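No experiment lies behind these values; they were computed from the predicted model shown. Lettering of chains follows the sequences in order, A, B, ..., and the numbering in each one begins at 1. Values below: every heavy atom of this structure, side chains too, minus hydrogens, waters and symmetry copies.
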Amino acid sequence: MNSLSSIWTWMRHEWQLELRQKAGIQGAILYVLVSLVVAYQAVGEIQESEVWVGLLWIVLLFSIVNSSSRSFASDSPGRKILLYFWLQPGQLILARMLYQMAFNLVSGCLGFAVFCLLMGLPGGHLPVLLVLVAVGSSAAAALGTFMAAVASVSGNGPGLSAILGLPLMVPTLMAAAKGSLFALQGGLAQAWMYAGMLLLLNLLAVALGYLLFPYLWRE
Amino acid sequence: MKTYLKITAVAAMFWVIPMAFLGEVSVQPILHETIRNLYWHVTMWFSMFILLLASVVHGIAYLRHNNPIRDEKSLALTQVALLYGCIGIVTGMIWARFTWDTFWTKDPQLNGAAITILAYLAYMVLRASIPDARKRAEISAVYGIFAFVLMVVLIVILPRMQDVDSLHPGKGGNPGFGNYKDLKNDMRLVFYPAILAWTLLGFWLANLSFRIQHLTRISHAQS
């Protein structure tokens, strides 16, 4: 119970830090908006569901990579020592992963709303699409956060976390895109199956991060 | 590597290579003689998978005991697995050109294979970016385990989802490997030894590569 409450405290702390240094949140929102506008300028309103789904997930992917790669980037050496003594490694990675997952879940849904506004929604079942966007974004965010941790411990900037994370996120996005395509074309049962698989992926990524992070953090 | 394993590898290759080119194969529409690629292309993936598994086992062992030898072995196995992966892709592309009339197609297994290779190329980038040997070993072991588990889940499960359209055998309504034999010439008599041969050859290659890198490291440390 104690460790759960400290994870929760740390997640709130991350959120407060984010509110205080407004650049992070504003940057993330601006990033989504700009990429949406670029996509809209390039393609315009979309009729074909394949193109719609592909573009949606590319926009979401880049916003996820952008925001999750920040999660370990702003730690100064002094703050790292503080974290080292304050939290157990498992608590730290869980707090940051869950925070990023929640953040990207919300920003993914908002981005999705703006995307629908600009590009139109070519039919489909909205609730399952929303669920797919939510679980897909959070799964990719969990992977991105862990890769941000790897990049940070390796002494490289957040640039490396994108290089490491992108190949690992591709299968997640393939599943999410496939599920969304079913949702658009009326294959509801399959769409829910993909949503369930993405949910399992969330759990798997969190579990792996929890198990492996202590080895990264023992410097 | 034990000598009897090397002898087994060579013996298996003496059986597999002539049989792959000259042995009788089952006659299938569209495939015809290209079915011989079964012994090269398909087996590459099996071997790559086994090599990566061994690499992950060494990675886990490194995290437990911090023995740098384990990291060097893990690296050598990954390198050979990457080589096998590239051979697998190239042989697959050639095969696809003659049966599906295209080098590359939107097939979940093709893309899964390509992503696996990308992920392990990222592993090499990660290794190259860390100057400190101990840190490099630790971080790349963690990344290797993470990537392997995710890749296995996604590469093994995703293409097997019922609705996925694939041109590969046994999926999307295509006949499976079980149909590729008839009683007279059972291709499995070559297929399974081929997996054995390429896998053992891979371990042998990895072993040599590990020994060269290990000696280089020691001689650098002494000089």
Check: When heavy-atom pairs shorter than 4.5 Å are enumerated against chain A, which of Val142(B), Val125(B), Ile130(B) gives the highest number?
Finding: Val142(B)

Checklist line | Where Leu160(A) and Ser129(B) come nearest, the two heavy atoms and their spacing | finding: CD2-OG, 3.8 Å

Notebook entry, point to check: Are there more than 12 heavy atoms of other residues, nucleotides or ligands under 6.0 Å from atom CH2 of Trp104(B)?
Noted result: yes

Checklist line | Closest non-hydrogen atom pair between Tyr143(B) and Met147(A), with its separation | finding: CE1-SD, 3.4 Å

Notebook entry, point to check: Should Val150(A) and Phe146(B) count as side-chain neighbours, where that means a heavy-atom distance under 4.5 Å?
Noted result: no

Margin query: I need the minimum non-hydrogen distance between Met151(B) and Pro171(A), along with the two atoms involved.
Written below: CE-CG, 4.4 Å

Notebook entry, point to check: Roughly how far apart are Leu126(B) CG and Ser161(A) OG, rounded to 0.5 Å?
Noted result: 11.0 Å

Checklist line | CD (Gln88(A)) with more than 12 external heavy atoms under 6.0 Å | finding: no

Checklist line | Value rounded to 0.5 Å, distance of OH in Tyr215(A) from CZ in Arg64(B) | finding: 7.0 Å

Margin query: Check this for me: Tyr31(A), atom OH, are more than 12 non-hydrogen atoms of other residues, nucleotides or ligands nearer than 6.0 Å?
Written below: yes

Note to self: Given 3.5 Å as the limit, does a donor-acceptor pair link the side chain of Lys135(B) with the main chain of Val153(A), or not?
What the structure shows: yes

Checklist line | Nearest atoms (heavy-atom pairs only) where Ile115(B) meets Pro167(A) | finding: CG2-O, 3.2 Å

Next item on the list: Could you tell me which portion of Phe146(A) (side chain, backbone, both or neither) has an atom closer than 4.5 angstrom to a non-hydrogen atom of chain B?
Entry: side chain

Note to self: Within this structure, what is the CD1-CG distance for the pair Ile145(B) and Leu208(A), rounded to the nearest 0.5 Å?
What the structure shows: 9.0 Å

Next item on the list: Quick one: which of Leu200(A), Leu168(A), Ile163(A) has the most heavy-atom pairs under 4.5 Å with chain B, could you say?
Entry: Leu168(A)

Notebook entry, point to check: Picking from Leu164(A), Leu143(A), Leu211(A), Thr172(A), which has the most non-hydrogen pairs under 4.5 angstrom with chain B?
Noted result: Leu164(A)

